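FYI, side chains are in, hydrogens and waters are out, and symmetry mates aren't considered; it's all heavy atoms of this structure. Not measured: the values here are computed from a predicted model.
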Amino acid sequence: MQDDYRADVAVIGAGIMGTAIVTRLIETGHKVSVFDLDAEKVAALTAKGAHAASSVENAVAASEFCVLSLNHANIVRAVVFGENGVAAAASADKLLIDMSSIDPAETVDMAKRLRAETGMAWVDCPLSGGVPGALGGKLTIMAGGSPEDFERARVVMRHLAANYTLMGQSGAGQTTKLINQLFCAVLFQAVAEAVKLAEAGGVDPSAIPAALAGGRADSRILQEFMAKFSARDFSPTGRIDNMLKDLDSLQAFALKTKTPLPMTGAVVEIHRLLCAAGLGPKDSAEMMRLLDGLQAG
């Protein structure tokens with residue numbers, strides 16, 4: 001397709017990430033139909049230029065691409081195969097782009113079923129980069145699917161991603177996202193512990209990123225989050241319970257493949273403690289509360 005081509009895109013799910021994705025697609029000239037059970041979220045997007053679809057089926061019927069931004073595999077399955085869902089309007093000339101983070105095996109199963117029943121192809125495109133990445137078109141997207149479908153999806157992905165990589169066949173994108181989440185979860189915990197150690201030693205934690213820049217300990221997470229954690233800045237960038245959901249999928253995959261992950265296991269339990277303390281819906285910076293010995297706020 002031509003570089004100036006703009007598509008009709010259905011986006012299902014208007015949560016934090018779905019809203020950012022819709023906003024970016026509208027700003028880059030795509031015609032977007034959106035569906036979510038939360039009418040207020042949909043109304044906020046129609047004010048930006050999106051069309052409010054009356055059902056998932058109607059959104060897909062009016063579009064050539066269907067983007068999913070949902071929280072769990074069971075929700076994805078219901079949206080795709082449930083009453084008035086994606087499958088009801090699916091055809092071989094349409095493409096499903098799942099930007100949710102779900103289990104790789106579930107993805108493979110649903111992708112096979114959708115193609116067999118409707119002819120519609122499926123590309124798993126989980127993301128990293130959060131809301132700022134989506135709004136700026138700077139997401140990292142790791143994809144699973146056929147090379148042909150990967151290229152078809154580029155019409156949409158080129159306006160959302162700075163790094164769009166085909167990792168293999170269906171499910172490979174979701175597997176890569178689990179690896180991404182392993183790094184993020186372990187490094188978030190490392191940053192939180194480093195903040196506490198710096199404070200105990202009389203060092204300003206916010207000075208650490210500049211001091212370590214370019215060294216072996218440097219990372220995007222260190223540069224972006226150490227000052228945030230040290231300031232106890234709890235403004236939302238990602239939910240702890242969403243991270244735990246991905247870590248649970250990671251552990252299930254590791255168990256199935258008999259892969260030892262001792263450090264990840266410890267970090268999973270820390271996230272479970274945070275959720276048990278009522279911090280699940282909060283930002284990852286809230287893990288400082290656990291180390292500070294404070295009650296959930």
Side-chain angles (χ1 to χ4, degrees), residues 1 5-15 17-18 20-22 24-25 30-37 50-51 53 55-127 134 139 141-161 164-177:
M1 293 185 179
Y5 181 78
R6 298 296 185 271
D8 290 331
V9 184
V11 177
I12 313 302
M17 281 308 306
I21 289 166
V22 171
R24 174 65 178 176
L25 291 177
H30 296 278
K31 183 179 178 181
V32 183
S33 296
V34 61
F35 179 83
D36 192 281
L37 295 177
H51 168 72
S55 68
V56 174
E57 179 182 2
N58 287 342
V60 175
S63 306
E64 56 186 305
F65 297 96
C66 174
V67 172
L68 304 183
S69 181
L70 304 166
N71 282 332
H72 298 282
N74 60 339
I75 299 175
V76 172
R77 189 177 293 276
V79 163
V80 175
F81 299 108
E83 185 177 0
N84 299 320
V86 173
S91 59
D93 60 341
K94 299 179 185 291
L95 179 66
L96 188 148
I97 301 171
D98 185 19
M99 300 186 74
S100 316
S101 295
I102 63 173
D103 179 72
E106 293 264 19
T107 290
V108 172
D109 177 69
M110 288 188 282
K112 285 182 178 177
R113 179 181 170 187
L114 184 66
R115 187 183 286 274
E117 294 181 0
T118 72
M120 187 175 184
W122 182 310
V123 180
D124 46 297
C125 289
L127 60 89
L139 290 173
I141 295 178
M142 54 284 316
S146 73
E148 296 77 15
D149 294 329
F150 171 78
E151 288 302 326
R152 285 177 65 192
R154 193 183 293 276
V155 171
V156 177
M157 294 296 103
R158 65 196 171 112
H159 292 125
L160 294 172
Y164 175 51
T165 308
L166 180 62
M167 301 305 299
Q169 291 297 315
S170 180
Q174 297 294 356
T175 300
T176 307
K177 178 59 186 286

Which atom pairs, donor and acceptor, lie under 3.5 Å between side-chain atoms of residues 116-124 and protein residues at least two apart or in another chain?
from : atom 1 : to   : atom 2 : distance (Å)
E117 : OE2    : R113 : NE     : 3.0
T118 : OG1    : L114 : O      : 2.6
T118 : OG1    : M120 : N      : 3.1
D124 : OD1    : G171 : N      : 3.0
D124 : OD2    : G171 : N      : 3.4
D124 : OD2    : G173 : N      : 2.9
D124 : OD2    : Q174 : N      : 3.0

query = Excluding sequence neighbours, so at least two apart, what forms ring-ring contact (aromatic ring centres under 6.0 Å, His included) with F81?
reply = none

Residues in ring-ring contact (aromatic ring centres under 6.0 Å, His included) contact with H30, at least two apart in sequence or another chain =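 With sequence neighbours excluded, H30 shows a ring-ring contact (aromatic ring centres under 6.0 Å, His included) to H159, given in chain and number order.
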
pair H51-V34: side-chain heavy atoms closer than 4.5 Å = no

ask   = When you check the gap from the basic side-chain N to the acidic O, do R115 and D149 get nearer than 4.0 Å?
value = yes

task = Kindly determine whether Y164 and C125 satisfy side-chain contact (heavy atoms from CB on, under 4.5 Å), including the steps that lead there.
result = CA-CA 9 Å; Y164 175 51; C125 289; 4.2 Å; yes

request  = Scan I12, L68, V56, L70 and name whichever one has a side chain to side chain contact (heavy atoms under 4.5 Å, CB included) with V80.
outcome  =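 It is L68; the other options fail the test.
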
request  = Apply side chain to side chain donor-acceptor pair (under 3.5 Å) to S69 and list each qualifying residue two or more places apart in sequence or on a separate chain.
outcome  =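 Residues passing side chain to side chain donor-acceptor pair (under 3.5 Å) with S69: none at all.
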
task = Check side chain to side chain donor-acceptor pair (under 3.5 Å) between Q169 and all other residues, then give those that pass, not counting sequence neighbours.
result = none

Least distance between heavy atoms, [X] atom then [Y] atom:
X    : Y    : answer
P147 : L166 : CA-CD2, 3.9 Å
A134 : L160 : O-CD2, 4.4 Å
D36  : G15  : OD2-N, 4.2 Å

ask   = Got a sec, which pairs hit salt bridge (Lys or Arg N to Asp or Glu O under 4.0 Å) with one end in residues 78-104, sequence neighbours left out?
value =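 Checked against salt bridge (Lys or Arg N to Asp or Glu O under 4.0 Å) - neighbours excluded - no pair reaches residues 78-104.
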
key: Donor-acceptor under 3.5 Å (S33 side chain, A59 main chain)   = no

task = Using side chain to side chain contact (heavy atoms under 4.5 Å, CB included) as the criterion, list what pairs up with V108, not counting sequence neighbours.
result =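 Side chain to side chain contact (heavy atoms under 4.5 Å, CB included) list for V108, sorted by chain: K112, S170.
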
query = Excluding sequence neighbours, so at least two apart, what forms side chain to side chain contact (heavy atoms under 4.5 Å, CB included) with N84?
reply =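 Here the qualifying residues are S55, E57.
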
message = Applying salt bridge (Lys or Arg N to Asp or Glu O under 4.0 Å), can you list everything that pairs with R77, at least two apart in sequence or on another chain?
response =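 E106, D109.
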
